[in-house]
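Read through the structure below, which is laid out as structure tokens, and then see the notes.
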Amino acid sequence: MIEINNISKAFNGKAVLKGISAQFQKGETNLIIGGSGTGKSVLLKCMIGLVKPDQGNVLYNGRNFYNCDKETQQSIRREMGVLFQGGALFDSKTVEENVRFPLDMLTAQSAEEKRERVAFCLQRVGLEAAAKRMPSEISGGMKKRVGIARAIVMNPAYLFCDEPNSGLDPLTSVKIDELIKEITEEYQITTIIITHDMNSVMEIGQNIMFLYQGDKLWEGINSEITKTTVPELKEFLFSNKLLREMQE
Ligand SMILES: Nc1ncnc2c1ncn2[C@@H]1O[C@H](COP(=O)(O)OP(=O)(O)OP(=O)(O)O)[C@@H](O)[C@H]1O
């Protein structure tokens, strides 16, 4: 479980996050939604240690990320898998080298152990046949799958995905969502996903947090979201034509 308590962050005197608290359970796909510039990415960065919050704390299974010894912080970091927006693959490495990268950097595993783990993860995302290909030779959806394989190669307890569907067609988006949800349930990962994608909200939103100008205005599950009475959330949701028609 990840717990965030009263997270605040300002840049140049402008408050971007205003005391956000929440809990994210393991085995669930937790979504952070909201319009552009509402603080979603900054919140994610505060959670993974890329931006230090001005206030508040982040607990990983009870361990306080910003107030613990170096070894504990290091071991929490090793339990995180991150799927960056755009995939962030190394263009000069093959698919399997990309997936192996965290094992090369962070473990003392033998070549054989790494080979087996990489093969397992590539097989899990359905890419075993693409192991020797270069990122430039595969599609956008396949690149996301490589990113997912790399994010899970260290067997993470926590998985962070920043807009995993960006740039994908609707069908591929659905497949990527399903894959993330399956992996989350199968390995009991605490998964946090930033998304703009209404289909993701409706299909995999087991716990959804809506941010608006740095405040959390709503949280709940997908089956409840369209019944919201929060005006800012209604406006956000029903700017989507399909959802508007569903409500009418
Ligand atoms: N390092 C930084 N320095 C100054 N301002 C920043 C920094 N990082 C983010 N901001 C500002 O914080 C605000 C929230 O940004 P954030 O990237 O979290 O938005 P977002 O909700 O993820 O938006 P989007 O959906 O467009 O990615 C924005 O106004 C942004 O300009």
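Every number for a ligand or one of its atoms is a count from 1 in the order of the listing.
- Contact of the Glu97 side chain with the Phe90 side chain is not registered, since no non-hydrogen atoms from C-beta on lie closer than 4.5 Å.
- Relative to the six-membered ring of Phe11, Lys14 misses at least one condition, a distance below 6.0 Å or an angle of at most 45° to the axis.
- Using cut-offs of 30° and 60° on the angle between ring planes, the pair Tyr187 and Phe120 is perpendicular.
- Protein heavy atom closest to atom 27 (O) of ligand 1, with residue, atom name and distance, is Ser41 OG, 4.0 Å.
- Residue Lys45 places every heavy atom at 4.0 Å or more from ligand 1.
- Not a single protein heavy atom sits closer than 4.0 Å to atom 31 (O) of ligand 1.
- The closest approach between Gly214 and ligand 1 stays at or above 4.0 Å for every heavy atom of the residue.
- Among all protein heavy atoms, the one lying closest to atom 18 (O) of ligand 1 is Val42 N, 2.9 Å.
- Counting only heavy atoms of the protein, atom 1 (N) of ligand 1 lies nearest to Phe11 CE2, 3.6 Å.
- Within the 4.5 Å cutoff, side-chain heavy atoms of Ile20 are placed close to those of Leu17.
- Residue Asn12 has no nitrogen or oxygen atom sitting less than 3.5 Å from a nitrogen or oxygen atom of ligand 1, judged on distance alone.
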Given Glu112 and Arg115, is the salt bridge (charged side-chain N to carboxylate O under 4.0 Å, His left out) satisfied, shown in steps?
CA-CA 5 Å; Glu112 183 53 21; Arg115 198 195 57 73; 3.0 Å; yes
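- In this structure the side chain of Lys26 never reaches within 4.5 angstrom of the side chain of Ile189, judged on heavy atoms.
- Counting protein heavy atoms only, atom 26 (O) of ligand 1 is closest to Ser36 OG, 2.9 Å.
- Here's the thing with Gly37: one of its N/O atoms is less than 3.5 angstrom from an N/O atom of ligand 1.
- No side-chain heavy atom of Lys45 sits under 4.5 Å from any side-chain heavy atom of Met47.
- Listed by number with element, the atoms of ligand 1 under 4.0 angstrom from any heavy atom of His196 are 25 (O).
- Contact of the Asp162 side chain with the Ser41 side chain is registered, since non-hydrogen atoms from C-beta on lie closer than 4.5 Å.
- Looking only at heavy atoms of the protein, atom 29 (O) of ligand 1 is closest to Lys14 NZ, 3.6 Å.
- The protein atom (non-hydrogen) at minimum distance from atom 25 (O) of ligand 1 is Lys40 NZ, 2.8 Å.
- Checked against a 3.5 angstrom limit, the closest N/O atoms of Gly39 and ligand 1 fall inside it.
- You'll find the side chain of Asn207 stays beyond 4.5 Å of the side chain of Ile221, heavy atoms only.
- Looking at Val16 next to ligand 1, no N or O pair under 3.5 Å apart turns up.
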Working note: Thr29 + Gln206, criterion side-chain hydrogen bond (donor to acceptor under 3.5 Å, both in side chains); need CA distance, chi angles, decisive distance, verdict.
CA-CA 6 Å; Thr29 40; Gln206 293 174 308; 2.9 Å; yes
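- Those atoms of ligand 1 that come under 4.0 Å of a heavy atom in Gly35, given as number and element, are 21 (O).
- Proximity to Thr38 (heavy-atom distance under 4.0 Å) selects the following atoms of ligand 1: 19 (O), 20 (P), 21 (O).
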